[in-house]
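These figures come from a predicted structure and were not determined experimentally.
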Amino acid sequence: MSLDDNAILQHLGGAPTGLEKLEVFAEIASTNSYLMQRPGPARGCFSVAVTDNQTAGRGRHGRRWQSPPGSGLCLSMAYTFAAVPGNLPALTLAVGLGVVHALQREGIGGIQLKWPNDLIAGDGKLGGVLTESQSQRGAVVIVTGIGLNVDLGDRPGLQAEAGWAQRIADLKTHAERVPDSNALTASLIGSVGRLLMQYDAGGFDQFREEWQQHDWLRGRRVTVETAQRQLSGTAVGVADDGALLIDTGTGGVQRISSGTVSAADVAERIA
């Protein structure tokens with residue numbers, strides 16, 4: 001992979017509306033950490049940091065997300081909301097949908113989403129989304145990081161984050177053609193940038209129906225671990241606010257706003 005800011009902007013057809021700054025790194029510890037340490041962009045705008053060589057990336061709950069040279073793409077976007085969003089946690093789900101749109105634009109279909117932040121290809125983990133937020137000068141700045149496995153080669157054990165998955169997936173194995181890295185980066189910037197602006201205006205509800213079309217958990221037997229409890233049942237989709245819905249049978253449908261979910265068997269689907 002050879003990332004170049006001018007090539008990325010050329011694929012974008014110039015800087016899109018709202019793009020305040022694009023930075024490309026040959027190597028960086030973490031694109032998310034970098035943007036979290038920088039001043040946020042102007043309200044309604046976003047800035048981007050991207051690399052194909054991340055040495056100290058982070059996933060959920062502080063887990064590692066490594067991306068040695070050429071194995072993956074790590075892209076983070078900082079966005080300053082015009083007003084405090086009413087449902088910030090569901091933004092991670094919406095960003096996953098933006099990644100699906102970007103991959104579709106590059107001719108890559110069949111990508112599913114695992115609540116709350118995983119990207120799935122063929123029942124294997126293709127990537128993930130990490131969203132963080134902070135207040136700056138009275139505004140809310142979010143930084144959303146996207147990690148995609150592009151070509152893991154003989155290094156399938158790199159991503160320690162995917163403990164729930166039977167295997168790790170990459171674009172080289174899943175897709176007929178691996179897109180040019182600059183074109184893929186441009187598609188991600190365009191799709192996720194537009195989605196952030198739409199989310200700012202209308203929240204998650206506008207994305208719920210389409211998100212459920214890519215819901216990998218829906219119809220599967222799952223176990224959910226939260227800080228307070230463990231429950232099992234059948235995943236039946238997500239609520240308007242992005243909460244995971246679990247049909248526990250005798251206990252009815254339960255809402256999960258935060259937790260770790262594992263499928264009883266990735267091959268098992270409930271009719």
Fill in the blank from the handout: By side chain to side chain donor-acceptor pair (under 3.5 Å), Thr248 pairs with (sequence neighbours left out) none

Practice task
Output the rest of the hydrophobic cluster of Val253: all Ile, Leu, Val, Met, Phe, Trp and Tyr residues reachable through side-chain heavy-atom contacts under 4.5 Å, sorted by chain and number.
Solution key: Val236, Leu245

Handout entry: Glu210: partners by side chain to side chain donor-acceptor pair (under 3.5 Å), with sequence neighbours left out
Key = His101

Handout entry: Ile189 side chain reached by Val50 side chain, heavy atoms, under 4.5 Å
Key = no

Handout entry: Shortest non-hydrogen contact from Ser133 toward Ile142
Key = CB-CG2, 4.0 Å

Sequence neighbours left out, cut at 3.5 Å: what donor-acceptor pairs do the side chains of residues 15-25 make with other protein atoms?
residue : atom : partner : partner atom : Å
Glu20   : OE1  : Ala42   : N            : 3.0
Glu23   : OE1  : Tyr34   : OH           : 3.1
Glu23   : OE2  : Tyr34   : OH           : 2.7

Problem - Those residues that, when tested against Val178, pass side chain to side chain contact (heavy atoms under 4.5 Å, CB included) (two or more places apart) - result: Val150, Lys172

Practice task
Take Asp52 and Ser181, measure what side-chain contact (heavy atoms from CB on, under 4.5 Å) needs, and give me the verdict at the end.
Solution key: CA-CA 9 Å; Asp52 66 351; Ser181 58; over 6 Å; no

Completion exercise
Between the CG atom in Asn53 and the CD1 atom in Ile28, the distance rounded to the nearest 0.5 Å is 10.0 Å

Completion exercise
Only residue of Ile146, Leu171, Thr51, Leu184 satisfying side-chain contact (heavy atoms from CB on, under 4.5 Å) with Leu73 is Leu184

Completion exercise
What one should report as the nearest heavy-atom pair of Leu152 and Ala169 is CD1-O, 4.3 Å

Handout entry: Asn32 side chain to Ser76 side chain, donor-acceptor N/O pair below 3.5 angstrom
Key = yes

Exercise for the section: Taking the side chain as every heavy atom from C-beta outward, state whether Leu231 and Ile256 have any pair of such atoms under 4.5 Å apart. Expected result: yes

Problem - Sidechain-backbone polar pair: Asn149 side chain, Leu126 backbone, donor-acceptor under 3.5 Å - result: yes

Completion exercise
Residues at least two apart in sequence or cross-chain that pass side chain to side chain donor-acceptor pair (under 3.5 Å) with Gln212, listed by chain then number, are none

Practice task
Give the cluster check for Leu35 versus Val141: same hydrophobic cluster or not, with ILVMFWY residues linked at side-chain heavy-atom distances below 4.5 Å.
Solution key: no

Exercise for the section: Please indicate whether Glu209 has more than 12 foreign heavy atoms, meaning atoms of other residues, nucleotides or ligands, lying under 6.0 Å from its CD. Expected result: no

Problem - Residues which pass side chain to side chain donor-acceptor pair (under 3.5 Å) with Thr144, listed by chain and number, not counting sequence neighbours - result: Thr131

Exercise for the section: Please name all residues satisfying side chain to side chain contact (heavy atoms under 4.5 Å, CB included) with Ala186, sequence neighbours left out, ordered by chain then number. Expected result: Ile8, His11, Leu12

Exercise for the section: Kindly work out whether a path of hydrophobic side-chain contacts (I/L/V/M/F/W/Y, heavy atoms less than 4.5 Å apart) joins Leu93 to Val99. Expected result: yes

Exercise for the section: State whether the side chain of Glu27 and the backbone N or O of Thr55 hold a donor-acceptor pair below 3.5 Å, judged by distance alone. Expected result: no

Practice task
Apply side chain to side chain contact (heavy atoms under 4.5 Å, CB included) to Gln10 and list each qualifying residue two or more places apart in sequence or on a separate chain.
Solution key: none

Exercise for the section: May I have the step-by-step check of side-chain contact (heavy atoms from CB on, under 4.5 Å) for Leu75 and Val48, ending in yes or no? Expected result: CA-CA 7 Å; Leu75 182 147; Val48 178; 4.0 Å; yes

Practice task
Determine, step by step, whether His214 and Ile111 satisfy the side-chain contact (heavy atoms from CB on, under 4.5 Å) criterion, reporting the C-alpha distance in whole Å, the side-chain angles of both residues, the deciding distance to 0.1 Å, and the verdict.
Solution key: CA-CA 7 Å; His214 301 278; Ile111 305 303; 6.0 Å; no

Problem - Any donor-acceptor N/O pair, Asn182 side chain to Ser2 backbone, under 3.5 Å - result: yes

Fill in the blank from the handout: Quick note, side-chain hydrogen bond (donor to acceptor under 3.5 Å, both in side chains) partners involving residues 192-204, not counting sequence neighbours, are Tyr79-Asp200

Fill in the blank from the handout: salt bridge (charged side-chain N to carboxylate O under 4.0 Å, His left out) pairs touching residues 222-246, sequence neighbours excluded, are Arg208-Asp240, Asp241-Arg255

Exercise for the section: Under the side chain to side chain contact (heavy atoms under 4.5 Å, CB included) rule, collect the residues that match up with Ala102, sequence neighbours excluded. Expected result: Ser187, Leu188, Ser191

Exercise for the section: Give the intermediate values and the outcome of side-chain contact (heavy atoms from CB on, under 4.5 Å) for residues Phe46 and Val192. Expected result: CA-CA 10 Å; Phe46 60 93; Val192 177; over 6 Å; no

Problem - Distance in Å, Thr185 OG1 paired with Asp5 CG, rounded so as to fall on 0.5 Å steps - result: 11.0 Å

Practice task
Check whether any side-chain N or O of Lys114 sits under 3.5 Å from a backbone N or O of Val261 as a donor-acceptor pair, and report yes or no.
Solution key: yes

Handout entry: From Arg38 atom CZ to Ser33 atom OG, the distance as rounded to the nearest 0.5 Å
Key = 13.5 Å

